[in-house]
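Below: one structure, written as C-alpha cells.
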Amino acid sequence: MRILRGLLWIAILAALLLWLMSAVPALQRPGLLWELWRSAPPQTVLVPVDNVRAQDIADTWGGARSGGRGHQGVDIFAPRGTPVRSVGPGIVLQVGHNTLGGNVVWVLGRGRQRHYYAHLDSFGPVSRGDLIESGQLLGHVGDSGNAKGTPTHLHYGIYVPGQGAINPWPMLRDLPEPSSETKR
C-alpha cells in the first residue's frame, strides 16, 4: 500500500510539472533561465523601435513629469504602429496595462535587468512567460496611458535589481550595417 501511495504521489508531481512546463514556456528551457539570471547585464542594447537611429533619440532621462516625478526612461518617437522589438533575449514578465504606461510589456533580460516598454498602441504575439529572442516583436508604438494625446512614442526603461531605474539612453545602439559581402 505504501508503494502505491508513493507511486501515486510521483505521478501527481510529474503531472504537475508537465502542466507547469506547458503553462509557463520559460520552464521548458531552464538553461536559458539560468543564463539570463547569472549573466552580466548588457553594456549596450539595440534601439527597440524600427527605423529609428540611436543618434536621433534625445536623452529625456530625469525630465520633469506630472506629480513631481522625474522621467525614468527614454522616449523614442515614431509613427503610430511602428514595430517595437525586444532589445535582447529574455522572458516576458507581464503584458498588460497600467495608469502611467498604458499598454506595457515587461521583459526579464540578462543580468536580471527588467526592460519596460510603455505607451504601446497594441501588443505583439507575446504572453507572460514566453521566451523571446533579441529583435522579437513586442508591440507597436502608440500613446496609451498618461501619454494620450501626445506625439506617439515608446517609453523605454531599464530597471536593475537593488538599484532601480537607470538611464538607457547611453546604452542605445543601432543595428550593425551589413557588410559589403552581404549587401545584394
Side-chain angles (χ1 to χ4, degrees), residues 36-37 39-128 130 132-178:
L36 290 172
W37 189 262
S39 63
Q43 298 298 306
T44 63
V45 294
L46 297 177
V47 173
V49 178
D50 280 7
N51 304 315
V52 176
R53 298 178 309 169
Q55 68 189 37
D56 296 331
I57 301 169
D59 184 359
T60 56
W61 175 264
R65 294 296 187 266
S66 63
R69 302 175 294 115
H71 193 230
Q72 292 190 330
V74 64
D75 290 335
I76 303 172
F77 294 89
R80 182 179 307 279
T82 302
V84 172
R85 301 185 184 279
S86 178
V87 299
I91 300 164
V92 177
L93 297 173
Q94 178 187 352
V95 177
H97 186 87
N98 69 43
T99 304
L100 292 177
N103 295 325
V104 302
V105 175
W106 283 91
V107 174
L108 176 67
R110 290 186 176 116
R112 297 180 294 143
Q113 288 184 340
R114 292 177 299 131
H115 299 266
Y116 180 59
Y117 304 84
H119 304 314
L120 299 172
D121 188 56
S122 60
F123 298 111
V126 292
S127 299
R128 184 172 185 241
D130 284 355
I132 57 170
E133 301 298 326
S134 183
Q136 189 164 334
L137 180 67
L138 299 176
H140 301 90
V141 170
D143 65 350
S144 60
N146 70 350
K148 199 60 160 173
T150 67
T152 56
H153 65 281
L154 170 71
H155 170 93
Y156 172 64
I158 300 175
Y159 294 79
V160 176
Q163 186 178 346
I166 62 170
N167 186 356
W169 184 79
M171 299 171 63
L172 294 172
R173 298 291 178 266
D174 297 329
L175 283 171
E177 289 292 323

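- Side-chain atoms of Y156 and H115 form a donor-acceptor pair, as typed in the model, at a separation below 3.5 Å.
- A distance of 7.5 Å separates CG in D50 from OG1 in T82, rounded to the nearest 0.5 Å.
- S144 places a side-chain N or O within donor-acceptor distance of the main-chain N or O of N103, the cut-off being under 3.5 Å.
- Of all heavy-atom pairs between V49 and A78, the closest is CG1-CB, 3.7 Å.
- S127 and D130 get closest at one heavy-atom pair: N-OD2, 2.8 Å.
- Atom NE2 in H71 sits 10.0 Å away from atom CG in N167 (nearest 0.5 Å).
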Applying side chain to side chain contact (heavy atoms under 4.5 Å, CB included), run through H119 and D143 and close with a yes or a no.
-> CA-CA 5 Å; H119 304 314; D143 65 350; 5.8 Å; no

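- Note on ring orientation: taking the six-membered ring where Trp is involved, the planes of H155 and Y116 are perpendicular (angle over 60°, cut-offs 30° and 60°).
- The side-chain contact (heavy atoms from CB on, under 4.5 Å) search around Q136 returns V126, I132, E133, not counting sequence neighbours.
- S134 is linked by a side-chain contact (heavy atoms from CB on, under 4.5 Å) to L46, P89, counting only residues two or more places apart in sequence or in another chain.
- Going from atom NE2 of H153 over to atom OG1 of T60 covers 8.0 Å, rounded to the nearest 0.5 Å.
- Side-chain contact between V160 and P41 is absent, with no heavy atoms from C-beta onward closer than 4.5 Å.
- Within the 3.5 Å criterion, the main-chain N or O of P83 finds no donor-acceptor partner in the side chain of H140.
- Scored by the side-chain contact (heavy atoms from CB on, under 4.5 Å) test, I57 finds V47, V52, V74, I76, W169, L172 as partners (sequence neighbours excluded).
- With Y117 as reference, V107 is the one residue of V104, V141, V107 to meet the side-chain contact (heavy atoms from CB on, under 4.5 Å) rule.
- Minimum interatomic distance between P168 and G157 (heavy atoms only, all atoms of both residues): CG-CA, 4.4 Å.
- Within a 6.0 Å sphere centred on CZ of R85, other residues, nucleotides and ligands contribute more than 12 heavy atoms.
- Put simply, OG1 on T99 and CG on N146 are 9.0 Å apart, with the number rounded to the nearest 0.5 Å.
- Side chain of D174 to main chain of A54: a donor-acceptor pair is present (N/O by atom type, distance under 3.5 Å, no hydrogens or angles).
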How far apart are the C-alpha atoms of Y159 and Q113, what are their side-chain angles, what is the distance that settles it, and do they pass the side chain to side chain contact (heavy atoms under 4.5 Å, CB included) test?
-> CA-CA 6 Å; Y159 294 79; Q113 288 184 340; over 6 Å; no

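- Between V87 and M171, every side-chain heavy-atom pair lies at or beyond the 4.5 Å cut-off.
- Residues P125 and L137 share a closest heavy-atom pair of CD-CD2, 3.9 Å.
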